Amino acid sequence: MCGIIGVVQERGEVASFLHQALKRLEYRGYDSVGVTTISNGEIHVKKDKGKIEEVHRKLNLDDMPGSIGIGHTRWATHGIPSLFNSHPHFDCSGKIAVVHNGVIDNFMELRKELAEKGHHFESETDTEVIPHMLEDAMKTGMDLEDALRLVTDRIEGTYAIVAMSTSDPEKIVCTRDGNPLVIGQKQGANYVSSDIPAFLPMTNDMILLLDGEIASITPDDVKIEKLDKRARIEREPIKISWTADQAQKSGYPHFMLKEIHEQPDAIRNTLRLRAEVIEEAAEIVKSCDRVYLLAMGTSGHAAISGRHMFTSLTGIVPTFELASDFSDTVCDALSEKDCIIAITQSGETTDTISAIKYAKRFGVKVVAITNVVGSSVTRLADHTIITQAGPEIGVAATKTFMVQLTALGLLVLAVGEKSGHRKREALQKKRAALETMPSIISEIISRNEEPARRLAQMLYDAPSLLFLGRGISIATAEEGALKLKEIAYNHAEAYSAGESKHGPIALVQDGYPVIFVAPKDETRNRLIGNIMEMKARGARIVAVIERNDEELRTLSDDVFIVPESVEPEFSTMAFVVPLQLFSYYMAVKKGYDPDKPRNLAKSVTVL
Ligand code: F6R
């Protein structure tokens with residue numbers, strides 16, 4: 001996820017507007033920034049790696065001439081954060097500038113073709129093929145708009161592209177497919193951006209650009225057409241009622257809620273990871289004798305859930321270890337035939353990094369799953385899977401947890417193909433099920449938001465809660481309890497429901513809330529036994545159940561409902577969502593800021 005802004009105005013300089021607009025987009029990515037303007041037929045550019053204010057202090061982004069310009073704040077996907085990989089990107093002559101959000105799947109092939117024709121590339125990005133393709137098209141006499149139409153015929157993937165050229169220095173051209181672009185309209189100036197907050201202080205009049213459309217924007221006109229049909233589309237602007245401040249969170253009161261809602265897209269984008277990336281990881285895992293899953297906190301819960309996926313679909317039984325305790329637990333008993341799957345959304349958690357460094361001393365192979373390109377873990381690992389959640393700003397992990405589970409699902413399926421533990425058709429069915437998760441998660445969010453808010457009104461002052469599950473649902477219960485503790489500060493414990501009667505049940509008295517994670521998998525009958533034990537002691541039973549589970553609906557005081565079509569191996573992805581929402585509304589009800597829990601930071605970089 002990256003932030004894009006473009007502006008073209010009748011008079012006056014645009015540089016400081018571009019700078020401020022990029023700051024309003026910084027939540028979309030913040031590892032490098034760049035702006036370019038045109039003045040007197042000349043291109044001016046300032047860009048570098050680093051956060052916007054760091055780059056501004058170095059280069060003074062406000063000091064650039066010109067009343068037309070484009071800018072970009074980057075969340076690296078192809079190529080590490082660096083000066084050369086920062087947008088905007090240019091053609092060979094330096095006269096065509098492009099910013100892009102998305103992924104060009106076939107960029108390798110296009111790049112090779114362009115290089116053979118003599119084009120020179122400065123970056124490792126997929127984006128850079130676009131200005132060079134525009135250059136080729138414009139050499140044949142096309143204007144920028146037609147050239148961009150031609151480019152979209154060749155590129156595959158998702159994109160929002162904004163381009164300008166010195167050959168038509170009063171025009172910005174843009175198009176999209178799969179990534180957002182919105183146009184802001186004002187007397188004497190027009191704007192284009194990946195998100196409304198960028199231009200909100202200047203105008204509340206917004207026009208949506210839809211997939212497959214192209215817009216030509218000048219100071220006094222916005223012309224929209226379909227890519228494949230040259231007929232002007234008249235579209236009235238929509239008045240936005242948001243304030244600039246609210247819109248930073250795209251209208252959501254908190255980043256956490258926004259990020260919970262972004263989970264379907266985050267999964268979808270992670271499912272689009274290149275097959276070779278997963279294949280290579282699977283190759284490493286399959287070639288090893290012992291597999292360790294290492295992580296901390298929420299990532300640890302993804303690992304526990306992943307262990308069940310492995311066991312069920314590959315026949316391999318990995319060991320889960322908290323990274324913080326790994327060296328003390330394994331006590332040198334490691335070899336080059338072992339492998340680690342290290343899971344860390346930030347890629348910077350010191351416990352995880354230290355465990356990897358320790359293991360590498362014994363020649364252990366390392367596969368990392370992280371959300372941050374270029375993070376420390378990527379430099380240590382033999383192979384990395386980069387999840388596609390985009391930047392997660394809320395400190396409590398939600399969408400990054402979801403993409404870790406998605407990546408583990410993909411990895412397990414690829415290892416399963418090699419191990420032959422399950423029949424190919426069975427694995428194909430699981431893969432198809434994983435691909436339906438984005439729509440299932442969307443449904444769960446919309447169905448459970450109100451029940452979660454209502455339950456929080458009733459339970460917010462509960463001094464303690466138990467979260468119980470069996471099998472894979474222990475991971476789900478653990479994550480539910482952690483979310484509640486960290487943002488709402490209620491004491492919460494997660495246990496295996498089987499273990500609960502060996503001690504924790506002593507806590508239970510009249511009205512004590514016990515939350516059961518209850519998919520209809522092979523654990524269900526035994527879980528019902530545990531529910532009955534808790535009921536007999538007066539517990540208030542809250543259960544996350546499948547839609548058609550009438551029996552559990554009757555046994556429970558409160559229920560959260562998920563669709564019945566979820567495969568057991570992916571049940572954590574579905575069943576955790578109501579628990580995320582419940583924690584969020586508990587925190588809000590108690591007046592806490594769920595985005596900034598006390599004592600916690602987004603990545604824990606101390607031992
Ligand atoms: C909980 C949370 C933490 C992290 C843990 C590991 O919401 O965010 O428990 O999961 O600190 O962080 P990463 O995944 O960055 O290694």
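In listed order, ligands and their atoms are each counted from 1. Being a predicted model, the structure only gives us computed values, none of them experimental.
Below 4.0 Å from some heavy atom of E486 lie the following atoms of ligand 1, by number and element: 1 (C), 7 (O). The contact set between ligand 1 and A396, taken as ligand atoms under 4.0 Å from a residue heavy atom, comprises 7 (O). Listed by number with element, the atoms of ligand 1 under 4.0 angstrom from any heavy atom of S299 are 10 (O), 13 (P), 14 (O). Remark: ligand 1 atoms within the under-4.0 Å shell around heavy atoms of G297 are 9 (O), 10 (O). Contact atoms of ligand 1 toward A397: 7 (O), 8 (O) (distance under 4.0 Å to a heavy atom of the residue).
One side chain, Y585 or E449, offers a donor N or O that lies under 3.5 Å from an acceptor on the other. A donor and an acceptor atom, one from each side chain of T127 and T125, are nowhere located under 3.5 Å apart. Side-chain contact, T398 with Q580: no donor N or O sits under 3.5 Å from an acceptor N or O. Inspection of the E124 and N85 side chains reveals an N or O donor paired with an N or O acceptor under 3.5 Å. Looking only at atom types and distance, the side chain of E392 has a donor-acceptor partner in the side chain of T400 under 3.5 Å away.
For D351, the closest heavy-atom approach to ligand 1 does not fall below 4.0 Å. The closest approach between K483 and ligand 1 falls below 4.0 Å for a heavy atom of the residue.
Under 4.0 Å from ligand 1, the heavy atoms of V395 that appear belong solely to its backbone.
Between F326 and Y358, the ring planes lie perpendicular to each other; the angle is over 60°, past the 30° to 60° tilted range. Using the six-membered ring where Trp is involved, H254 and Y584 have ring planes that are perpendicular, over 60° apart on the 30 and 60° scheme.
By the 3.5 Å distance cut-off applied to N or O atoms, Q345 is counted among the residues near ligand 1.
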